[in-house]
Amino acid sequence: MRLLLLLIISTFTYSNFQAQTQPWQGKFEPIDNMIAPPNSYRTASGAPGNAYWQQRANYDIKATIDEKTNTLSGEETITYFNNSPDDLSYLWIQLEQNVNKKENEDFGDINNNVKDEISARKMQFLTRAIDFPAGYSIKYVKDANGNNLKTLVNNTMMKVKLNSPLKSGESIRFSMAWSYPITDRNMYLLSREGYEYFPEDDNTVYLIAHWFPRMAVYNDTEGWQNQQFQKLGEFALEFGDYNVEITVPEDHIVASTGTLQNSDAVLTKTQRKRFDEAKKSFDKPVMITTKEEVEANEKQKSTKQKTWKYSAKNIRDFAFASSRKFLWDAQAVKLPTNTVMAMSYYPKEGLPVWQEESTKAVMHALEVYSEATFDYPYPVAISVNTSNIGMEFPMISFNGGRAINGEMSDRAKQGMIGTIIHEVGHNWFPMIVSSDERKWMWMDEGLNTFLHQRTVAERYPDFNSVTPKTIIPFMSGDKNILRPIMTTSDNELMSQFGANFYLKPTVGLQMLRNSIIGKELFDEAFKEYANRWKYKHPNPGDLFRTLEDATATDLDWFFRGWFFTTDNVDMELSNVKWFKVYEENSNIEDQNQTSKIKIEASGDNAEADAKDFSNGPEVITMTTTPDSEYGQFLSRLDEPEIRKQLSGKNIYEVTIKNKGGLVMPVTIEWVYTDGTTETDKLPAQIWRRNEYEVKKTFIKAKEVSKVNLDPNFEFADTDTKNNSFPKVESKSEFDSFKTKSK
């Protein structure tokens with residue numbers, strides 16, 4: 001006992017010394033030092049704290065599209081509420097349209113490779129050979145009394161200097177006027193908004209987004225989020241109420257965030273009647289505008305104007321689309337707590353697939369996402385057709401996908417429907433569960449793609465969908481250039497952007513749901529996170545802590561490996577030893593006799609690893625336990641019963657090596673000689689004491705012909721050729737195993 005105590009003391013002293021000189025970063029250590037510590041704003045459980053706060057901004061905006069000059073001009077009044085504990089001497093305003101200026105620091109960097117042969121369009125993206133006007137002209141910024149406020153513009157951010165500090169708990173009202181040239185989306189890369197020109201009928205579709213100067217986020221974790229907009233990292237925004245007036249040509253149809261307030265003034269009597277019918281149509285869409293009506297407008301091109309008025313409550317952004325080319329259909333979707341109008345707007349170039357599929361896809365997204373999180377709270381969900389894009393805003397999204405000569409391949413149709421589901425799904429992440437896209441894009445793209453793929457799997461089971469297999473090529477990549485998921489949005493390589501921010505988080509959540517936590521418990525935890533943080537600003541730590549808090553599961557090992565490293569899963573089934581028990585002495589009831597049970601041998605050299613089971617089981621000897629081994633225990637195990645339970649059974653010792661560095665649960669499939677199979681599942685915690693190799697012993701009544709790791713490809717194992725025993729010797733044998741395991 002004294003020796004054991006000394007050993008414990010010495011081990012503790014050495015470990016403590018190690019901790020002080022070289023912090024331990026084992027795969028099962030807590031991630032507390034990798035995420036922000038809990039406080040009164042964000043609790044250790046992952047929920048908002050009792051002192052949590054966030055700012056708020058209300059907007060009154062009047063905007064006009066000049067179709068002749070493709071210019072958008074506007075006036076807006078912002079009411080900004082300082083709910084923080086801090087006094088603010090200045091405010092930061094986002095000016096995202098300035099990113100399109102030629103002198104922008106990020107121009108061309110995203111697509112910066114010149115090749116021997118390059119298309120003219122790609123050369124335009126790279127060089128801006130055809131220049132175009134872009135960026136804001138700020139006419140004035142004034143306080144509530146009409147006095148000018150001093151401003152300072154730094155690229156896509158504008159500092160508004162206040163005449164006196166905005167005290168904690170107070171609000172300020174100020175106004176500004178501005179204009180900017182709406183840019184041609186065909187002119188530059190990553191164009192999330194702008195106009196699309198249709199030369200055949202000389203008409204335009206306007207997609208108007210991140211169009212008005214809007215408040216930057218001020219929060220408890222970093223103060224002002226005034227990181228520059230560089231196209232990849234999207235938006236961090238405050239919630240508020242909006243009243244927006246949009247003046248456009250008289251024959252335009254406007255699709256917009258919010259609820260239309262003056263339908264009598266902007267819709268015809270026939271259109272209003274059709275829309276009333278759509279409110280009661282739960283089984284199919286109703287056409288509000290028809291192809292014939294649209295084609296007539298395309299030819300006439302009214303020069304008069306009209307103003308559409310919209311209002312919206314508790315949203316973080318506002319977008320709209322306007323064109324005389326829009327066909328418009330709508331359908332009611334009944335959710336448990338409310339009814340939503342699912343609507344689609346598309347030019348005739350979107351026919352027939354948009355009329356057939358778009359609003360249906362919106363409906364599917366509304367139903368599946370609502371079930372997985374919370375009921376969609378807004379009155380409308382809109383899908384607008386355009387080219388080469390998928391982009392989301394509250395209640396409205398801009399989505400690509402069109403038929404060519406009326407025809408669309410199955411693959412293209414799947415892509416179109418998937419895009420609509422994905423962009424509508426963004427209403428939950430980040431439009432309501434409002435994470436910071438500019439800093440942690442995976443928190444909205446990854447979580448949204450996870451539910452997007454769930455929607456596809458449930459509503460379009462014949463479509464291709466993301467599984468752990470999908471991420472294997474990426475995770476098998478060059479570790480010298482791979483970056484962890486926890487990489488800031490604008491710092492990610494373009495070649496890794498989709499895999500790292502969309503697919504890898506999706507696969508990680510699929511693993512947690514399907515293979516690590518279980519569907520019922522995971523779904524409750526995911527819903528808990530969504531409801532805790534709706535209309536709030538969560539950080540990664542809030543998600544990680546909530547998933548642990550709501551499942552009573554230690555997941556730090558998973559978060560550490562999957563989100564913070566570039567390790568991959570590669571488990572090798574390095575050896576399987578077979579032992580078989582039989583009784584040497586017949587009188588096993590005589591406990592005074594030293595009975596022995598032998599285990600048959602598998603070859604001449606018992607120490608060598610067997611390549612298969614052809615040599616039979618290995619020999620060892622099990623003896624009666626000496627009294628000294630029991631120590632101070634006075635009772636004894638029923639050793640004859642132990643022998644009885646082992647008699648005639650097969651014992652298999654499995655050795656598994658962690659080759660990729662990423663620990664995961666272990667699923668073992670046993671294929672028996674009679675053709676039947678059985679599966680054992682081991683938790684990731686088997687790696688706690690040895691992160692590189694584990695041994696596990698199993699007792700089986702039947703003889704085994706083959707052992708496979710991860711037979712259903714649940715854990716994105718990058719090299720399945722080393723997952724079997726007997727070992728896979730040829731590619732054809734490996735392909736046979738893959739086919740069998742699908």
Side-chain angles (χ1 to χ4, degrees), residues 55 57 59 61 71-74 76 78 80 88-112 124-141 148-162 174-185 187-194 207-219 222-238 316-319 391 393 436-441 487-494 497:
Q55 309 290 65
Y59 296 84
I61 308 173
T71 300
L72 182 68
S73 58
E76 66 183 275
I78 302 174
Y80 183 69
L88 303 175
S89 59
Y90 52 81
L91 310 176
W92 280 103
I93 307 289
Q94 302 187 58
L95 301 178
E96 277 93 351
Q97 286 299 323
N98 284 354
V99 78
N100 297 325
K101 290 184 175 180
K102 187 170 185 176
E103 62 270 21
N104 181 275
E105 63 188 36
D106 194 57
F107 181 76
D109 287 354
I110 291 173
N111 189 36
N112 60 358
Q124 167 66 17
F125 295 161
L126 184 61
T127 65
R128 196 163 174 165
I130 301 175
D131 200 6
F132 51 88
Y136 283 107
S137 296
I138 305 294
K139 296 181 181 179
Y140 65 78
V141 180
N148 289 326
L149 291 170
K150 293 182 179 180
T151 62
L152 180 63
V153 175
N154 177 15
N155 198 11
T156 62
M157 287 286 170
M158 178 172 68
K159 179 189 281 187
V160 177
K161 303 177 183 180
L162 303 180
F174 62 102
S175 60
M176 65 183 77
W178 45 266
S179 64
Y180 69 85
I182 305 170
T183 50
D184 184 345
R185 292 188 50 244
M187 282 289 189
Y188 64 98
L189 192 63
L190 288 177
S191 56
R192 291 176 168 84
E193 48 72 43
L207 307 176
I208 307 300
H210 43 90
W211 52 286
F212 58 99
R214 51 195 180 166
M215 295 300 307
V217 166
Y218 184 81
N219 62 29
E222 60 185 327
W224 285 108
Q225 167 47 297
N226 52 12
Q227 192 174 325
Q228 294 289 337
F229 179 46
Q230 295 178 323
K231 298 183 181 179
L232 283 181
E234 293 178 357
F235 313 111
L237 300 164
E238 302 287 12
R316 65 171 233 162
D317 199 3
F318 193 102
M391 192 59 202
F393 308 94
D436 181 351
E437 297 177 89
R438 189 142 314 163
K439 194 166 187 179
W440 306 118
M441 184 162 281
T487 297
T488 304
S489 306
D490 287 312
N491 295 332
E492 182 58 282
L493 300 176
M494 277 297 291
F497 192 81

Q: Do any N or O atoms from the side chain of Q94 and from the backbone of L237 form a donor-acceptor pair under 3.5 angstrom?
A: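 Answer holds: no.
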
Q: Applying side chain to side chain contact (heavy atoms under 4.5 Å, CB included) to L72 and I208, what does each step give before you reach the verdict?
A: CA-CA 9 Å; L72 182 68; I208 307 300; 3.6 Å; yes

Q: Could you tell me whether the side chain of F132 reaches within less than 4.5 Å of the side chain of D184, counting heavy atoms only?
A: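 No - every pair of side-chain heavy atoms lies 4.5 Å or more apart.
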
Q: Report the C-alpha separation of M176 and L149 in whole Å, then their side-chain angles, then the decisive distance to 0.1 Å, and conclude whether the side chain to side chain contact (heavy atoms under 4.5 Å, CB included) test is met.
A: CA-CA 10 Å; M176 65 183 77; L149 291 170; over 6 Å; no

Q: Classify the ring geometry between H210 and F235 as parallel (under 30°), tilted (30 to 60°) or perpendicular (over 60°).
A: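 Answer is tilted, since the angle falls between 30° and 60°.
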
Q: Where do R316 and E437 land on the salt bridge (Lys or Arg N to Asp or Glu O under 4.0 Å) test, with the steps shown first?
A: CA-CA 13 Å; R316 65 171 233 162; E437 297 177 89; 2.6 Å; yes

Q: When you compare the side chain of W224 with that of L88, does any pair of heavy atoms fall below 4.5 Å?
A: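 Result yes, sub-4.5 Å side-chain heavy-atom pair found.
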
Q: Starting at NZ of K102, measure out to OH of Y188 and round the result to the nearest 0.5 Å.
A: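 Atom-to-atom, K102:NZ and Y188:OH are 15.5 Å apart.
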
Q: To check you understand the geometry: which heavy-atom pair defines the closest contact between I93 and P213, and what is its length?
A: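 Taking every non-hydrogen atom into account, CG2-CB, 3.6 Å.
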
Q: Please check this pair: side chain of W211 against backbone of F318, looking for a donor-acceptor N/O pair closer than 3.5 Å.
A: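 Pair found, side chain donor or acceptor close to backbone of F318.
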
Q: Just so I know, are the side chains of E492 and M441 near enough to count as touching, which here means a heavy-atom distance under 4.5 Å?
A: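 No, side chains not in contact.
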
Q: Looking at every non-hydrogen atom in both residues, tell me the closest pair between T183 and P133 and how far apart they are.
A: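 T183 and P133 have their closest heavy atoms at CG2-O, 3.9 Å.
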
Q: Closest approach of R128 and D131, non-hydrogen atoms and distance?
A: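 Residues R128 and D131, closest heavy atoms: NE-OD1, 2.9 Å.
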
Q: Which pair of heavy atoms, one from F125 and one from M187, lies closest together, and at what distance?
A: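 Looking at all heavy atoms of both residues, the closest pair is CD2-O, 3.7 Å.
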
Q: With a 4.5 Å limit on heavy-atom distance, are the side chains of R438 and Q225 in contact?
A: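 Yes, side chains in contact.
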
Q: Between the side chain of N98 and the main-chain N/O of N155, is any donor-acceptor distance below 3.5 Å?
A: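 Pair found, side chain donor or acceptor close to backbone of N155.
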
Q: Is there a donor-acceptor pair closer than 3.5 Å between any side-chain N or O of Q55 and the backbone N or O of E238?
A: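 Between the backbone of E238 and the side chain of Q55 there is no qualifying donor-acceptor contact (under 3.5 Å).
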
Q: Taking all non-hydrogen atoms of both residues, which atom of V99 and which atom of T156 are closest, and how far apart?
A: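 Closest approach of V99 to T156, heavy atoms only: N-CG2, 3.7 Å.
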
Q: Is M391 close to L207 at the side-chain level, that is, under 4.5 Å between some pair of heavy atoms?
A: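 Of all side-chain heavy-atom pairs linking M391 with L207, none is under 4.5 Å.
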
Q: Run V160 and Y80 through side chain to side chain contact (heavy atoms under 4.5 Å, CB included) and show every step you take.
A: CA-CA 12 Å; V160 177; Y80 183 69; over 6 Å; no

Q: When you compare the side chain of L95 with that of V153, does any pair of heavy atoms fall below 4.5 Å?
A: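 V153 vs L95: side chains touch.
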
Q: Check the angle between the aromatic planes of W178 and Y180 and answer parallel, tilted or perpendicular using the 30° and 60° thresholds.
A: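 It falls in the parallel class, under 30°.
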
Q: After noting the C-alpha distance and the side-chain angles of L91 and I78, does the key distance pass the side chain to side chain contact (heavy atoms under 4.5 Å, CB included) rule?
A: CA-CA 12 Å; L91 310 176; I78 302 174; over 6 Å; no

Q: Could you state the interatomic distance from CG (D490) to CD (Q230), rounded to the nearest 0.5 Å?
A: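 The CG atom of D490 sits 4.5 Å away from the CD atom of Q230.
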
Q: Less than 6.0 angstrom separating the ring centers of Y59 and F212, yes or no?
A: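 Close enough - the centres of the two rings lie under 6.0 Å apart.
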
Q: Is any side-chain heavy atom of N100 closer than 4.5 Å to one of E193?
A: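 Yes - at least one pair of side-chain heavy atoms lies under 4.5 Å apart.
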
Q: Quick one: pull up CG in D436 and CD in E234 and give me the separation to the nearest 0.5 Å.
A: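 One finds 11.0 Å between CG of D436 and CD of E234.
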
Q: Which atoms form the tightest heavy-atom contact between S489 and G233, and what is the distance?
A: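 So the two residues come closest at CB-CA, 3.6 Å.
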
Q: Pairs in or reaching into residues 207-216: which pass salt bridge (Lys or Arg N to Asp or Glu O under 4.0 Å), with residues at least two apart or in two chains?
A: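 Matches after skipping sequence neighbours: E96-R214, R214-D317.
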
Q: Flag the pair M157 / K159 as yes when at least one side-chain heavy-atom distance between them is below 4.5 Å, and no otherwise.
A: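 Counting from C-beta outward, M157 and K159 never come under 4.5 Å.
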
